[in-house]
Enquirer: 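One structure, pasted below without further comment.
In what follows, chains are A, B, ... by sequence order, proteins preceding strands, each numbered from 1.
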Amino acid sequence: MSSERTWKTIESGPYDYHNALHPVVKKNYGKWKYHELPRPGVLKHIAESGDVLFTVRAGTPRQDSVDLIRRICDIADTYADGYLRFTVRNNVEFMTPDEEKVELLIEALEKIGLPVGGIGPCVSNIAHTQGWLHCDIPATDASGVVKSIMDNLFEEFKNWYLPSKVRISTSCCAINCGGQADIAIVVKHTRPPRINHEVIANICELPKVVARCPVAAIRPTVVNGKPSLLVDNKKCMYCGACFGACPVMEINHPEHSKFGIWVGGKNSNARSKPALGCLVAQNLPNNPPRWPEVNEVVGRILNAYKKEGQPWERLGEWIDRVGWKHFFAATDLVFEKDMIDSYRHARTTFNQSAHVRF
Amino acid sequence: MSSERTWKTIESGPYDYHNALHPVVKKNYGKWKYHELPRPGVLKHIAESGDVLFTVRAGTPRQDSVDLIRRICDIADTYADGYLRFTVRNNVEFMTPDEEKVELLIEALEKIGLPVGGIGPCVSNIAHTQGWLHCDIPATDASGVVKSIMDNLFEEFKNWYLPSKVRISTSCCAINCGGQADIAIVVKHTRPPRINHEVIANICELPKVVARCPVAAIRPTVVNGKPSLLVDNKKCMYCGACFGACPVMEINHPEHSKFGIWVGGKNSNARSKPALGCLVAQNLPNNPPRWPEVNEVVGRILNAYKKEGQPWERLGEWIDRVGWKHFFAATDLVFEKDMIDSYRHARTTFNQSAHVRF
Amino acid sequence: MVQIKKNIGVETKSTSCGGTFLHPTPMLDELEKGPWPSFIVGIKELAERTRKPMLRGVLDQLEYSYQTKTGYWEGGLVTAYGYGSGVISRRSKIADKFPEAHEFHTLRVQPAPGLHYNTTMLRDLCDTWEKHGSGLIALHGQTGDIMLQGIEEAKVQECFDEINQAGWDLGGAGPAMRTSVSCVGPARCEHACYDTLQLHYKVMQHFAGDVHRPQYSYKFKFKFSGCPNDCTNAIFRSDLAVIGMWRDAIAMDTEAMQGWIQKNGVDFLVNTVINRCPTRVISLAEGMMVIDNANCVRCMHCINVITEALSPGRERGLAILLGGKNTLKVGAMGGTMIVPFFKMETDEDIAAFIRLSETMIEWWNDNSFDHERIGETIERVGLKQFLDGVGLDASIDMVSRPRSNPYYKSES
Amino acid sequence: MVQIKKNIGVETKSTSCGGTFLHPTPMLDELEKGPWPSFIVGIKELAERTRKPMLRGVLDQLEYSYQTKTGYWEGGLVTAYGYGSGVISRRSKIADKFPEAHEFHTLRVQPAPGLHYNTTMLRDLCDTWEKHGSGLIALHGQTGDIMLQGIEEAKVQECFDEINQAGWDLGGAGPAMRTSVSCVGPARCEHACYDTLQLHYKVMQHFAGDVHRPQYSYKFKFKFSGCPNDCTNAIFRSDLAVIGMWRDAIAMDTEAMQGWIQKNGVDFLVNTVINRCPTRVISLAEGMMVIDNANCVRCMHCINVITEALSPGRERGLAILLGGKNTLKVGAMGGTMIVPFFKMETDEDIAAFIRLSETMIEWWNDNSFDHERIGETIERVGLKQFLDGVGLDASIDMVSRPRSNPYYKSES
Ligand code: SRM
Ligand code: SRM
Ligand code: SRM
Ligand code: SRM
Ligand code: SF4
Ligand code: SF4
Ligand code: SF4
Ligand code: SF4
Ligand code: SF4
Ligand code: SF4
Ligand code: SF4
Ligand code: SF4
């Protein structure tokens, strides 16, 4: 701490939201009756009082500059009474009771390069993570992958071409801070960690690293007279958990850290229960700056879903209906041995029945 | 081997079935077209050739005397051309192409005390196990429990009162040789094994016993200078696996070996996939000679299913449709903490969703 | 209404007072009451007629078990010459109390496939058994054996020799290939997709040595069901479940179908068939039932209900599910779909089936711990490792969904 | 059709050649192309305008990462006075190559519940941040923080003091209570069953100390969703998911309902609503939709589709699901239903909710291993043990079915 302090910290927790609410929101707080989707990118909420509130949603790159934020504030000041909010998927929303402002908002937003969309049956913005820009353990740059994909899915964001909304997430390591999603694009390492035996004992608490491994593949050892660790390559499944505990367990590799694609993740309770995504493509190259191979697979999946999904049916629910065999056929992806679960609850995923499609 | 041998064994495997088949069976082998259920206890199979074959099914006690078997053979000789077969649930079947014989068969069977039924939507005979009559590790007598229950369900066996067939099984220890069933009645111990340290090392291979415990609750120890075993009562969950490996790990207890009742087991692939039974009543007393408490719970379950199940819907499928909450209400059984899975795949049974009924 | 409170108490012919040979068994006598055929009545009748002390001893001990709620048999080793299994040895732990029941061994005898009999073979078996043993027979054990219950060690070999001459052989026990069962199959069932009796017969002949001389890590059971109705409970109760299967479309006799709909009505069709199809692939088109066979999972339901008009397709064979077993140690497991379709028409097909089975059993014996069923081994080492070990490709049919965790060795 | 092969390559305003301040970044420049707003365009614009060397260094290092496919940040410890968390420290591992980027710490700042803002507060934040830091802000991190990305250690405290005066506080990191998010809730959503913003606000104020000074076994996250649609992804992404719930029947405005059916047709009602109800409890009766509420599992689907006529019932509150987390070590887990209904109307309700949460968190801290999330602890020790520990009764709502194995301690 270099500078002198004159201020005594107030441990206030979250920002007090009361002055951040639009007046129409305040007035009708908890008294909304229903909503309509008048057009892509726009919501219309009708309150019990009869009040109406329009919302216009636009995509952002998430890694924003103060310049962009100020531009956004300008738009909020001009068309949305000085209020705005963000969504959990890094979209920004402007609210106005005034229907005429809707068109103006859309124009203003597109003028500063922010596409309007993300509402209703479309691809919303991608939930993503830090990547090379900031994290200490990433194998790729999430923001770059996202930019490449959203360029391709630009029209999908702005229009209602899909059976239901598709949420995509991108994560730069297997920890997957981006979470479960209809389509999750996640790094998967394919080699065990490489240990720098010279420095490890200075930098890391060895027992903690040993404890972190889910398959007990790490053992204490001594190398060149110094305490170090040994990875049993037969057991190790390249998860990188140890790397999170100790930067010397280098798991990232420019060639051998790959991408896997997981589909059918779902967080909502609508219709089916929340579900985990399942692996349908693996070993896709980590290919900056545009990751064409990942893009291609995402496209195939979306195309098949677009063609066959039914209204309100989420991607995973479509697969549940048509069956995984058909999914692989329709996307021209290949079910590989590695896609058979081998972890703790693997048995519960085996087909313990004679139910089979031909 | 006491007696002198004159015969050289032929390791023939199963009995050659060719001469055990009824002539109409032989003629139409593999050429059956469809079947009808003309009345309880009777099947009518129609062959592509136009041939017709009636089957009359009757319950047996399974633990048969040669006297009973000879009587059964008499009936087969008189009415079924000298052939008969048994079912996998210990029923006996007589076949005849001659419709008139059906009534005569039924009469003859009931005359020797064998009820005709077990076909179609009824309770079939109970699959059961050895019990005190023969096994070396039982906590009860399966045959006795079965007799008590089937006395109560006699009319259920003979008539079509139920939505679909109900298979019951009874097992005299947690190993459950009786298998999964719509209603499975299985012994559950409620105390850890008691070890006779004096003799254990003479009788059992201690490392094998240690290896048998699924929760690693058994450790080698020395008692009175003799090698023995120690059970960690905190870990032990009274499964009795060790007792199967070593008769000195006495797990049976006249008071503390109880009954649990499991419902919804299903082996067929019809409609839903095969399913395991789930625990819905526990700690029922092991109460010979008539086990009234077990009988009572079985009755409650059957009554609820009878009232609410739909045609072809198996007991577990009915519960799937109405929900477990309703099942417990409809049967007046209580969901207890112990009924929450705590074993290896417990997590997969947790309600990881907001889906809930009130 | 099911009776739930009290026993009916209808008396059938009770032997409990008439006999002079037997000792009093007041608790067992309670099981002579009631309409269901009573095993106690049967044993008593047998005992009174044959006056076999062993039976009296067994009844005395059983009565004592009922009173003390405790079992009194202990295991041991009794075998037939050249065999390591097939006889379950039982000696009384309280032979001092009930000396007549000091031995009560059981011969497990393999039945004919499909549990078919003619009266001659059964009568002969009864005669031999009454001569050498107790006269008590369980038809059948849960694995399918004829259990000849109650013989002294001294008489085992002569008894076995005699029944062996009549065509019978012993079944399995211990860490061995076990006795098998097959459903009635083509003998009397229109659903059978392969010849269950023949395959059962040939396979168990092939493995006869492994049945008789335990040399596996643990038990191994085949069960043969002719279709996915699985009337032998193969999926949860055998290590290698053989389930009849077809690959093409469900066969429909349209005329019979129309007749059926006419007779039963469209409502019944919709509520009982269409609405119960697990993948909802049946639709109604101009009063007819139409199946999208690509999404039919061969569950059998529609065929079961409309047996006169629907049947499995013509391209028939079997599916192999591996690893079923009941509760011990790991909790019950169902067999996992390993081979969705295996042709089963010729002798070569049978030979190929046996070869594949052997490959799997060998892999298991090479990779298992002691007392570990093949399903447990697969769960422990991984299904992928198993497939690699036996040289099979992966197919999505083997799982209900692909993995949802990244914890695997992906090598690029 | 989704484009799958090639990039569209639409150019937006690229700054890659105009600037004089920045070094060449040929790979990053590729990300200036295409229609989606480009973060590279944004950072470059900011750098060119502010001429902050840190930004140039970060771009250089990022370009190098793209070329070498390797990350170069390492963690460390930087904190604000009195705090143990809230700042994510990043130092370059290759500061020799790119000295301008040797420090690039992030301040995690807790947002307002519901991610609501007025422009004044945002502009002020931008100004302060531009003054002390890089001017780069992530709106928002996956946990919900405003991430002020890029500051030197020396400036952390003065920057924090200034934003703290403006009403902002730091968020969580490390083994601590983490920042929370709440859905837009009653502010603009008709489905909200409790006041997500208020509860979020009160709960996180209560736990502020635990956010700032890590003292748990591992991280703990709350997320607040107003209804089972779960717009904050609470079930898979928070340790304690708070999901709006109602207990009585779905409320139906019959007039609006009739209007909706008239407008959309009965076919649409049947195919899109009735047929998609997970428990199939909606029926059609004389053209109207009838719900068997006892079997409704509160999935929201019918309400979502027919928002103008259906809404959650009037007896509203929340459900608590415990133990959600993502992949690490055990594979992702969803929160388990622990409290199906908790009234949330008064301040006392809030206090009771906080008390219950604290009991659960205490139990976890007492029973967990290092680096073990509460879901892992519950899985390891057993749900029953957890319920006993926190004094809750079992309910069938907590599981999808009762156990199917006998491996438990049943004490009679
Ligand atoms: C603004 C936002 C909440 C917030 O506080 O930020 C929000 C707002 C609404 N959600 Fe949501 N949801 C928002 C994220 C989510 C998420 C989380 C996510 O996307 O990461 C989910 C769970 C996703 C999942 O299952 O993986 C989510 C699952 C739903 C659902 C259930 C969808 C389904 O069928 O499974 C509905 C129901 C519906 O669509 O009518 C819903 C409905 C709605 C409604 C219609 C609620 C209303 O009446 O106002 C809002 C507009 C929907 C739309 O965007 O089409 N919201 N909603 C979030 C916008 C994210 C975005 O920018 O795309
Ligand atoms: C910044 C952020 C990603 C982003 O760009 O948005 C992030 C970044 C990191 N996460 Fe995360 N996680 C972030 C949200 C999440 C989420 C999503 C959520 O909270 O909804 C998850 C999944 C949900 C969960 O909690 O499980 C998540 C699951 C993890 C895990 C795995 C936890 C687990 O038990 O499975 C780790 C590893 C760990 O904690 O050891 C982790 C660890 C990390 C670390 C601290 C990596 C490390 O060990 O050094 C990353 C610091 C990166 C950085 O430079 O800032 N992060 N992390 C998110 C936090 C920003 C914020 O405060 O708003
Ligand atoms: C004789 C027997 C096979 C044998 O080789 O011994 C047999 C024979 C028939 N079974 Fe079976 N099943 C027989 C045991 C089973 C078993 C195993 C068991 O009961 O232990 C099952 C699996 C049970 C389970 O799921 O737990 C079984 C599941 C079926 C099914 C599927 C039922 C369902 O809806 O889940 C059918 C279909 C049907 O009922 O039409 C079926 C159908 C039939 C048919 C209709 C087949 C036919 O066309 O001839 C036969 C008469 C049915 C009846 O008894 O009502 N059989 N059937 C067995 C009679 C046992 C008994 O005495 O009760
Ligand atoms: C006799 C029989 C019960 C009956 O009365 O019908 C039986 C009786 C015994 N079973 Fe069984 N099992 C019998 C069918 C089954 C079945 C059902 C089946 O085969 O379809 C099962 C479930 C399926 C399976 O294989 O898992 C079965 C699962 C077990 C197990 C647990 C195996 C597991 O891995 O879960 C054991 C314990 C063991 O092997 O250590 C066992 C062990 C035993 C032992 C050997 C107990 C012991 O360890 O000493 C019992 C000998 C009793 C005796 O005195 O004869 N028995 N056992 C059945 C065999 C008769 C026959 O050969 O036909
Ligand atoms: S996913 Fe991994 S690499 Fe990416 S931000 Fe999260 S912890 Fe860092
Ligand atoms: S990468 Fe994962 S499995 Fe391999 S040693 Fe590290 S923690 Fe263990
Ligand atoms: S269930 Fe148990 S006690 Fe009964 S026969 Fe099987 S092994 Fe013996
Ligand atoms: S009863 Fe089961 S848990 Fe207890 S010691 Fe024996 S094998 Fe282990
Ligand atoms: S399994 Fe199939 S083929 Fe065999 S008897 Fe049962 S219904 Fe018939
Ligand atoms: S066999 Fe089963 S899955 Fe196939 S169409 Fe008939 S009911 Fe449906
Ligand atoms: S979670 Fe429910 S209440 Fe909250 S915004 Fe989403 S739909 Fe509305
Ligand atoms: S909320 Fe869901 S479960 Fe309830 S009636 Fe509507 S669709 Fe069915």
Enquirer: Aromatic rings B:His134 and C:Phe104: how do their planes relate, parallel, tilted or perpendicular, breaks at 30° and 60°?
Expert: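 Geometry flag for C:Phe104 against B:His134: tilted rings.
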Enquirer: Heavy-atom cut-off 4.5 Å, strictly under: side chain, backbone, both or neither for B:Lys208 against chain C?
Expert: side chain
Enquirer: Within the distance-only criterion (no hydrogens, no angle test), does the side chain of C:Asn118 pair as donor or acceptor with the backbone N or O of B:Gly82 below 3.5 angstrom?
Expert: no
Enquirer: Flag the pair B:Leu21 / C:Leu197 as yes when at least one side-chain heavy-atom distance between them is below 4.5 Å, and no otherwise.
Expert: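 Yes - at least one pair of side-chain heavy atoms lies under 4.5 Å apart.
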Enquirer: Contact part of B:Asn252 toward chain C, heavy-atom cut-off under 4.5 Å: side chain, backbone, both or neither?
Expert: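 No part of B:Asn252 comes within 4.5 Å of chain C.
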Enquirer: Answer yes when C:Glu308 and B:Lys33 have at least one side-chain N-carboxylate O distance shorter than 4.0 Å, and no when they do not.
Expert: no
Enquirer: Which bit of B:Ile46 comes within less than 4.5 Å of chain C, counting heavy atoms only: side chain, backbone, both or neither?
Expert: neither
Enquirer: What part of B:His45 lies closer than 4.5 angstrom to a heavy atom of chain C: side chain, backbone, both or neither?
Expert: side chain
Enquirer: Testing the 3.5 Å rule here: is there a donor-acceptor pair between the side chains of C:Arg237 and B:Gln180?
Expert: no
Enquirer: Kindly indicate whether the side chain of B:Tyr15, heavy atoms from C-beta on, has any atom under 4.5 Å from the side chain of C:Tyr117.
Expert: no
Enquirer: Between C:Asp195 and B:Tyr29, is there a side-chain donor-acceptor contact under 3.5 Å, judged purely by atom types and distance?
Expert: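 Per modelled atom types, B:Tyr29 and C:Asp195 side chains form a pair under 3.5 Å.
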Enquirer: Tell me, please, which residues at least two apart from B:His22 pass ring pair (Phe, Tyr, Trp, His ring centres under 6.0 Å).
Expert: B:Tyr83
Enquirer: Go through the structure and list residues passing ring pair (Phe, Tyr, Trp, His ring centres under 6.0 Å) with B:His345, not counting sequence neighbours.
Expert: A:His345
Enquirer: Could you check whether C:Arg123 pairs with B:Asp77 (Lys NZ or Arg NE/NH1/NH2 to Asp/Glu carboxylate O, under 4.0 Å)?
Expert: yes
Enquirer: Just do the ring-ring contact (aromatic ring centres under 6.0 Å, His included) check on C:Trp36 and B:Phe157 with the steps written out, would you?
Expert: CA-CA 10 Å; C:Trp36 189 256; B:Phe157 177 83; 4.9 Å; yes
